[in-house]
Structures are given as structure tokens and as C-alpha cells.
Amino acid sequence: MYTEKVMDHFQHPRNVGEIENASGMGTIGNAKCGDIMRIYLDIDENQIIRDVKFKTFGCGAAVATSSMATEMVKGKSVQEAMAVTNKAVMEALDGLPPVKVHCSLLAEEAIHAALWDYAAKNGIKIEGLEKPKSDIGEEAEEEDY
Ligand code: FES
């Protein structure tokens, strides 16, 4: 039921890990399943995403979409990264089964949350970027566990 690309990214996920002193970090929980995704961005002075890492407590589809999404934003400007939607990521993976489409939102939302964090820290505005709705943040996480 998964495409070869999904299986490849699930079995060999790219960019897993964390970045110390990241320029931006976003954590998103998926209310439907309780899975969690965290994205770290390293952004240079020209607003280019130099490096990106992710960590997830999520299902296989979440791992595969995050892996692909990180590959797609690496080397891009923060503005270009806004075009990496869950739809674009799913297309790059040759599709996901319908029941797994919601999983692909985790990566997009976590990237947006990390960009929001970066923009807030640097006092800049990224065109089209809205405050993340479901960023569970550090504090909420501590309360949850
Ligand atoms: Fe939770 Fe896929 S089932 S992210």
C-alpha cells in the first residue's frame, strides 16, 4: 500500500537528529493520533536553510514525509521553504494512502512552526507564514508527561 519512495524514506530516513542552538525549532503534535514531530532549522545570514534535522514519535508515513520534507527544504531560502506543502511532499513520494494523508501534515506544520520560531527570534516576517495553530511548545510538553 506504500510506494517505493515512501518505503525508502521510511526505512532510510534522511536528516534524523537534532541541531544544537538551532535558528528555529518547531514541535507539533497531531491531535488525531497523538504523534509528535520536531524540526530543527539552521539558517544562515542570507536566510538560506543550511541544515535541517527532525525527530519524531510518529508512524511510518510521518517518518517518510518528514524525511522527504527535510530534503526538499535543505538549501532553500526561508521563503522557498514555504512552498514545501504536505501536498508537494506527497507528490514527491508518489502519493500516500488516503488514511495516511493527515500524517504528512506533521512535517509541514513542524517546518512552519520552526520558521515561525526563527522569524520571531530575528524580528522578521516571512510572507504567508501564520502562527502555528497546534504548536504544543516546551511548556505544554512538560505538563503532558
Ligand atoms: Fe500519527 Fe501517522 S498515524 S502521524
Side-chain angles (χ1 to χ4, degrees), residues 1-43 47-122 125-145:
M1 77 179 205
Y2 287 121
T3 67
E4 264 174 46
K5 281 190 192 164
V6 173
M7 288 309 292
D8 177 34
H9 277 265
F10 170 54
Q11 282 166 337
H12 311 283
R14 283 52 150 191
N15 308 308
V16 173
E18 46 189 286
I19 297 174
E20 256 180 67
N21 303 318
S23 317
M25 190 188 83
T27 310
I28 293 291
N30 185 321
K32 286 195 177 142
C33 60
D35 290 348
I36 294 174
M37 170 76 52
R38 179 170 289 173
I39 295 264
Y40 302 83
L41 296 174
D42 177 22
I43 300 171
Q47 300 191 2
I48 302 295
I49 299 172
R50 208 163 23 194
D51 199 10
V52 48
K53 295 268 189 255
F54 79 94
K55 278 207 310 204
T56 186
F57 303 95
C59 72
V63 171
T65 46
S66 304
S67 168
M68 180 57 97
T70 54
E71 287 285 273
M72 288 168 81
V73 300
K74 206 190 253 187
K76 299 260 173 73
S77 70
V78 294
Q79 201 60 59
E80 287 167 340
M82 290 297 294
V84 180
T85 58
N86 77 308
K87 202 163 160 273
V89 174
M90 280 195 295
E91 274 166 20
L93 287 168
D94 297 334
L96 276 179
V99 294
K100 288 287 172 184
V101 169
H102 75 272
C103 313
S104 66
L105 281 168
L106 267 185
E108 178 189 321
E109 288 177 6
I111 288 172
H112 285 181
L115 286 171
W116 183 268
D117 180 39
Y118 161 76
K121 277 185 192 152
N122 292 278
K125 195 177 179 313
I126 299 172
E127 205 52 48
L129 181 63
E130 286 173 17
K131 194 171 191 319
K133 287 178 210 86
S134 47
D135 189 344
I136 57 173
E138 296 287 344
E139 315 80 38
E141 232 174 87
E142 270 162 32
E143 279 165 28
D144 282 345
Y145 290 100

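Counting convention: from 1, in listed order, for ligands and their atoms alike. Side-chain atoms are counted along with the backbone in the values below, which use heavy atoms only and exclude waters and symmetry mates.
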task: Tell me how many protein N, O or S atoms are closer than 2.8 Å to atom 1 (Fe) of ligand 1.
output: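 Of the protein's nitrogen, oxygen and sulfur atoms, 2 lie under 2.8 Å from atom 1 (Fe) of ligand 1.
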task: Give a yes/no verdict on whether any heavy atom in K100 is under 4.0 Å from an atom of ligand 1.
output: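 Checking ligand 1 against K100, which is what was asked, there is a heavy-atom contact under 4.0 Å.
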- prompt: Could you give the distance from CG (N15) to CD (E71), rounded to the nearest 0.5 Å?
  reply: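 It is 5.0 Å, given to the nearest 0.5 Å.
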- prompt: T65 pairs by side-chain contact (heavy atoms from CB on, under 4.5 Å) with which of L106, L96, V6, N86?
  reply: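 Result for side-chain contact (heavy atoms from CB on, under 4.5 Å) with T65: L96.
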message: Would you say that E109 contacts I39 through its side chain, given a criterion of any heavy-atom pair below 4.5 Å between the two side chains?
response: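 The answer is no, as the side chains (C-beta and beyond) never meet within the 4.5 Å cut-off.
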Donor-acceptor under 3.5 Å (D8 side chain, E4 main chain):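 A pair under 3.5 Å: no.
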message: Whether the T3 and D94 side chains hold a donor-acceptor pair (N or O, under 3.5 Å, no angle test) is what I'd like checked.
response: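 No - no donor-acceptor pair under 3.5 Å links their side chains.
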query: Among side-chain atoms of R14 and S67, is any donor-acceptor pair under 3.5 angstrom?
result: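 Looking only at side-chain atoms, S67 and R14 do not form any donor-acceptor pair under 3.5 Å.
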